[in-house]
Amino acid sequence: MSKPVRVRYAPSPTGFPHVGNIRTALFNWLFARHHGGSFIVRIEDTDVARTVEGAVEAILDGLRWLGLDWDEGPEVGGNHGPYFQSQRLKRYQEAADRLVAQGNAYRCYCSSERLDQMRAEQVKHKQPPGYDRACRTLTAEECGIREGQGIVPVVRFKVPLTGQTRTNDLIRGEVVFENSTLDDFVLLKSDGYPTYHLANIVDDHEMKVSHVLRAEEWLSSLPRHLLLYQAMGYQPPLFAHLPMILGTDRSKLSKRHGAVSITEYKEMGYLPETMVNFLALLGWSLDDKTEIMSREQLVQGFSLERVSRTAAIFNIEKLNWMNGVYIRTLTIDDFAQRSLPLLDKKLPAQVKRPLSLDYIRQLAPLFQERARTLAEVPELSDFFFVDELEYDAALLVGKKSTRESTLRCLEASRERILKLDRFDKESLEGSLRPLAEELGVKTGELFGALRTATTGRTAAPPLFETMAVLGKDLCLKRIDVALDKLRGMGL
Ligand code: GLU
């Protein structure tokens, strides 16, 4: 590669960044880092009506969360700024003027009513949609008359009526488009704002972008862009159109498939390292088997040669599995630190804040093995934090047990626990396991009653470890509450 690698992520802030957007950002970032090039972020905010408040922040937050640092763009600046298209309007207007002066573009004075009517006719006659080029042949005089009437024109590109536009897409190979299938698309709107096509090529040129890696949905824009580059006398960048992402049923990816905005994944407790790994595999692979790869391995291994042409499938089950894998690689301390904000957010209001990180560290090993997302931690562990457990007395009595037998189990356990000096897993087990035999009950019955009494649930992490973290006082208190519940049962 002769030119320095410069790639860009060019989101439009018309919504919160979804899986497809972020996958594009990631592939560009990986490509830049692999080649020691530059990763540019450019905000394409020229569609004022569709701009969503807070979207730019969400986009940048998403990139930061995933660790996709940018060399040029919002906040960091750079030599080719500004990096918001809304601040570059003059450049686009100049480009449009130049194209008009050269005869590659023309001003169009058609009213929206006329265009609507034209479209309706086309639909009626089953003709392909597109501008009928009514203004393409206006003389300077005819234009002058319209200007005199105060009509503010748009600028349209004069697409060659014949011939082909072709290029070699780095992923899809040769792509050929018939010029006759393109209409004279708008470059500059009457409010002075450019369309995506014009702004995109002006900026990619001015920002010295070497490769455009973007989703396949933009492939249909490619001939327009190539024609524009040609008309402007610019050397186009190289193009690579990334495969679509579909749901497991091969339909368009949506919330139904578990695909949400990147901000939501964060809130749902997915780790950024999982997301990076998972997204990297949406259309790219290192080989036929490697799934788990660190950021460094991805940077090292990334290449366009291994980007597939066929659609990638988004499988939420795989994401959950992968997140579990990553969660288990964290140190206890890291896992506790990362769980803290979610615990803080999700635990009931009555739980005293601030939460103790030390305490979270103690219970972290009990959940790290089981949690698939960090958001599951509060759900699984709330009994460690609340003062009073809410559960039905009947839950204490196992399927094969009776109220009397459960009472006996818990009373005897209480006596044992009271006498314990050390309150760790070993001493609890050493004292309570033999008790079952002494009472003539199955360990399952005794442990089940204790589990419900101390956690309010029938399924919880290993009993003695759990009790050890809860501590002797709290266990005794909860057993007392359970005994009261049992005594009051059926009265
Ligand atoms: N603004 C476009 C988008 O939202 C950029 C497409 C391109 O990369 O050319 O994805």
Side-chain angles (χ1 to χ4, degrees), residues 5-32 37-52 54-60 62-63 68 70 72-74 80 82-89 91-92 95 167 169-172 175 177 185-187 189 193-229 232 234 236-245 252-253 259 261-262 279 282-283 304 307:
V5 167
R6 288 175 58 80
V7 289
R8 61 11 176 227
Y9 171 48
S12 302
T14 51
F16 291 89
H18 56 71
V19 171
N21 299 137
I22 293 293
R23 193 270 313 252
T24 298
L26 175 64
F27 279 29
N28 276 285
W29 183 86
L30 288 171
F31 189 74
S38 301
F39 175 59
I40 304 162
V41 173
R42 179 175 77 224
I43 306 294
E44 302 208 325
D45 56 348
T46 55
D47 196 343
V48 187
R50 287 181 57 225
T51 297
V52 168
V56 172
E57 288 69 27
I59 290 164
L60 300 181
L63 294 175
L68 307 185
W70 55 101
E72 292 174 35
H80 305 273
Y83 294 91
F84 285 81
Q85 289 190 327
S86 58
Q87 295 169 20
R88 304 170 62 85
L89 299 184
R91 291 170 165 84
Y92 314 130
T167 193
D169 185 273
L170 295 176
I171 294 166
R172 318 182 65 84
V175 281
F177 305 89
F185 54 97
V186 174
L187 299 174
K189 295 178 268 185
Y193 272 77
T195 55
Y196 154 69
H197 305 300
L198 179 64
N200 198 263
I201 72 107
V202 167
D203 286 351
D204 281 347
H205 173 74
E206 292 200 3
M207 295 179 180
K208 300 194 167 27
V209 168
S210 62
H211 297 74
V212 169
L213 276 53
R214 64 183 171 197
E216 194 185 311
E217 63 181 292
W218 301 103
L219 191 62
S220 58
S221 298
L222 183 58
R224 296 181 179 86
H225 295 181
L226 291 169
L227 287 168
L228 272 172
Y229 279 111
M232 291 296 287
Y234 296 157
L238 298 172
F239 290 92
H241 287 86
L242 310 173
M244 285 201 295
I245 307 174
K252 189 171 179 291
L253 191 60
S261 78
I262 199 72
L279 291 169
L282 287 179
L304 291 180
V307 173

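Counting starts at 1 for both ligands and their atoms, following the listed order.
Regarding atom 4 (O) of ligand 1, its nearest protein heavy-atom neighbour is Ser12 OG, 3.1 Å. Atom 10 (O) of ligand 1 has its closest protein heavy atom at Trp218 CZ2, 3.4 Å.
For the 3.5 Å distance criterion, the side chains of Tyr83 and Asp203 fail to qualify, holding no donor opposite an acceptor. In summary, the side chains of His197 and Asn200 do not present any donor paired with an acceptor at a separation below 3.5 Å, with no hydrogens or angles considered. For the residue pair Glu44/Tyr196, the side-chain donor-acceptor check at 3.5 Å is not satisfied. For the residue pair Ser86 / Asp45, a side-chain donor-acceptor distance below 3.5 Å is found, with atom types taken as modelled.
Annotation for ligand 1: atoms under 4.0 Å from non-hydrogen atoms of Asn200 are 7 (C), 9 (O). Ligand-side atoms of ligand 1 in range of Glu44: 1 (N), 2 (C), 5 (C), range being under 4.0 angstrom from any heavy atom. Residue contact check: Tyr196 has heavy atoms under 4.0 Å from atoms 5 (C), 6 (C), 7 (C), 9 (O) of ligand 1.
The closest approach between a heavy atom of Arg8 and any atom of ligand 1 is below 4.0 Å. Not a single heavy atom of Tyr9 sits under 4.0 Å from any atom of ligand 1.
Ion pairing between Asp169 and Arg172 fails under the 4.0 Å rule for side-chain N and carboxylate O. Salt bridge present: Arg42 and Asp204 bring a charged side-chain N and a carboxylate O closer than 4.0 Å.
The shortest N/O to N/O separation between Ala10 and ligand 1 falls below 3.5 Å.
A side-chain donor-acceptor contact under 3.5 Å links Thr195 to the backbone of Val186.
Within the 4.0 Å heavy-atom criterion, neither part of Val212 lies near ligand 1.
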